[in-house]
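Everything below concerns the one structure shown next.
Keep in mind the model is a prediction, meaning the values are calculated, not measured. Side chains are part of it too, since the values below use all heavy atoms of this structure and drop only hydrogens, waters and symmetry mates.
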Amino acid sequence: KNGSPDALHSDHVNALRAGDLGRLQTAESWLAALPRLKEVVCVTAAENYALEKVERQGMDGWSKYDVAGITLEKIGTSP
C-alpha cells in the first residue's frame, strides 16, 4: 500500500550528479556511463528513508546499502 513502510520503491544505485551533466558531452561518453547509471534495486519505503540519510551524506554506489543496514537479495538479472 502506498504510504506504508513496506511500499516498494526503485532506487538508483549510482546518482546522476551535476558534474556528470557537464562531463558527459558526447554520445560515446553517455553510452559508456549508462551501464552504471541504469542500475536500480527495489527497496521498501522504510529502507528508502534509511538510504536518503546516507545519500544526503554524498554516498552512492553499492556500498550505500551496507552503510544503511540494507541486505539486498539477487532475484533476477537482465540481459
So, taking the atom named [atom1] in [X] and the one named [atom2] in [Y], what distance separates them when rounded to the nearest 0.5 Å?
X   : Y   : atom1 : atom2 : value
E47 : E52 : CD    : CD    : 12.5 Å
E73 : C42 : CD    : SG    : 12.5 Å
L8  : D6  : CG    : CG    : 7.5 Å

Might you point out which heavy atoms bring L24 and W30 nearest each other, and give the distance in Å?
->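 That closest heavy-atom pairing would be O-NE1, 2.9 Å.
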For A46, side chain to side chain contact (heavy atoms under 4.5 Å, CB included) partners two or more places apart |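 Residues passing side chain to side chain contact (heavy atoms under 4.5 Å, CB included) with A46: P5, T44.
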By side chain to side chain contact (heavy atoms under 4.5 Å, CB included) - contacts of T26 (at least two apart) =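 Result, side chain to side chain contact (heavy atoms under 4.5 Å, CB included) vs T26: E28, S29.
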Only counting residues at least two apart or in another chain, list the ones meeting salt bridge (Lys or Arg N to Asp or Glu O under 4.0 Å) with E55.
->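 By the salt bridge (Lys or Arg N to Asp or Glu O under 4.0 Å) rule, E55 matches K64.
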Residues that, via side-chain heavy atoms closer than 4.5 angstrom, fall in one hydrophobic cluster with V67 =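 Grouped by the 4.5 Å side-chain rule, V54, M59 form the rest of the cluster around V67.
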Other than Y65, which residues form its hydrophobic cluster under the rule that side-chain heavy atoms must be closer than 4.5 Å?
->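 Its cluster partners, ordered by chain and number, are V13, V41, V43, L51, W62, I70, L72.
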Can you tell me which residue pairs pass the salt bridge (Lys or Arg N to Asp or Glu O under 4.0 Å) test with a partner in residues 12-22, sequence neighbours excluded?
->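 Qualifying pairs, neighbours excluded: R17-D60, D20-R23, D20-R36.
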With side chains defined as the heavy atoms from C-beta onward, is the minimum distance between D11 and V40 less than 4.5 Å?
->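 D11 vs V40: side chains apart.
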Can N14 and E39 be said to form a side chain to side chain contact (heavy atoms under 4.5 Å, CB included), step by step?
-> CA-CA 7 Å; N14 299 288; E39 292 178 312; 3.0 Å; yes
